[in-house]
Amino acid sequence: GAGVSQSPRYKVAKRGQDVALRCDPISGHVSLFWYQQALGQGPEFLTYFQNEAQLDKSGLPSDRFFAERPEGSVSTLKIQRTQQEDSAVYLCASRRLAGGGELFFGEGSRLTVL
Amino acid sequence: AQSVTQPDIHITVSEGASLELRCNYSYGATPYLFWYVQSPGQGLQLLLKYFSGDTLVQGIKGFEAEFKRSQSSFNLRKPSVHWSDAAEYFCAVGPNTGFQKLVFGTGTRLLVSP
């Protein structure tokens, strides 16, 4: 596609529900990142994929967060048993190469946990 | 630990006036430095980046930034602000090796008055 596409754009969940957020990176991009942006804050790193390999998941806040990219293209960020503190915008970004080059961000998925 | 400080949460500038947004970073090695802009409901867009070489870098939309190693700063400037520049601006730092996980500042919201 022309850009990084994320869905849903907005998600409201009741506390305790599971949610899945999808990211379609730019076609052919090797690198894929997930960032979490809380209200009034800058984006914070969650996890990184190089093709289908998850090379860094050090930013995932808890074991309730899980990300996958099984075929090296589309990625899904799953949050189990959502809590209010999970409310944030989840940004996906992709890059053509493994290192170097511009990072292209999607518009984000805004999650609100009630 | 890596960190980025953007000391100004909000800045208001008159249209046509000059702009400078401050960014200070803490990093143990030679960093890569970035400025991103985020309009409401949009993803982050890269304005400019510094990897090496000339310490004054030019970006899109008439923006420039100067890397000052002695001051650990990477301030963003524009000689004449347009109303369409109103947005949130994020400074980010990353390593010059590996997959370049970025650390972002908390952002500066730019308001442009007529």
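In what follows, chains carry the letters A, B, and so on, assigned in the order in which the sequence lines appear, proteins first and then strands, with residues in each chain numbered from 1.
- By the 4.5 Å side-chain criterion applied to Ile, Leu, Val, Met, Phe, Trp and Tyr, B:I9 is assigned to no cluster and stands alone.
- Put simply, B:Y50 and B:L76 are part of the same group of oily side chains (I, L, V, M, F, W, Y) that touch within less than 4.5 Å, one to the next.
- Contact annotation for A:Q6: neither backbone nor side-chain heavy atoms come within less than 4.5 Å of a heavy atom of chain B.
- In this structure, chain A has a heavy atom under 4.5 Å from the side chain of B:Q38, while its backbone stays farther away.
- A 4.5 Å side-chain heavy-atom check between A:Y35 and B:L102 finds at least one atom pair inside the cut-off.
- Of the atoms belonging to A:L103, heavy atoms from both backbone and side chain fall under 4.5 Å from chain B.
- Proximity to chain A at a heavy-atom threshold of 4.5 Å picks out B:G105, B:T106 from residues 105-114 of chain B, in numerical order.
- Other residues, nucleotides and ligands place more than 12 heavy atoms under 6.0 Å from the CZ atom of A:R9.
- Applying the 6.0 Å contact sphere to CD of A:E71 captures no more than 12 heavy atoms from other residues, nucleotides or ligands.
- Residues A:L21 and A:F66 fall into different hydrophobic clusters, defined by Ile, Leu, Val, Met, Phe, Trp and Tyr side chains chained together at heavy-atom separations under 4.5 Å.
- At a 4.5 Å heavy-atom cutoff, A:R110 makes no contact with chain B through either its backbone or its side chain.
- Both B:L48 and B:Y27 are members of a single hydrophobic cluster when ILVMFWY side chains are connected at heavy-atom separations under 4.5 Å.
- Here the shortest heavy-atom pairing between A:F33 and B:K101 reads CE2-CA, 4.2 Å.
- Heavy-atom pairs under 4.5 Å with chain B peak, among A:V89, A:L97, A:D56, at A:D56.
- Counting non-hydrogen atoms of other residues, nucleotides and ligands closer than 6.0 Å to NZ of B:K49 gives a total of 12 or fewer.
- Shown here are the side chain to side chain donor-acceptor pair (under 3.5 Å) partners of A:W34, two or more places apart in sequence or in another chain: A:S75.
- In this structure, A:L32 is not a member of the same hydrophobic cluster as A:V4, with clusters built from ILVMFWY side-chain heavy atoms closer than 4.5 Å.
- Only the side chain of B:Y36 comes within less than 4.5 Å of a heavy atom in chain A; its backbone stays farther off.
- Side-chain heavy atoms closer than 4.5 Å link hydrophobic residues (I, L, V, M, F, W, Y) into clusters, and following such links, possibly through other members, connects B:V81 to B:F63.
- Scanning residues 43-54 of chain A against chain B with a 4.5 Å non-hydrogen threshold yields A:P43, A:F45, A:Y48, sorted by number.
- Between A:Q41 and B:F90, the shortest heavy-atom contact is O-CE2, 3.9 Å.
- More than 12 heavy atoms of other residues, nucleotides or ligands sit less than 6.0 Å from atom CG of A:L114.
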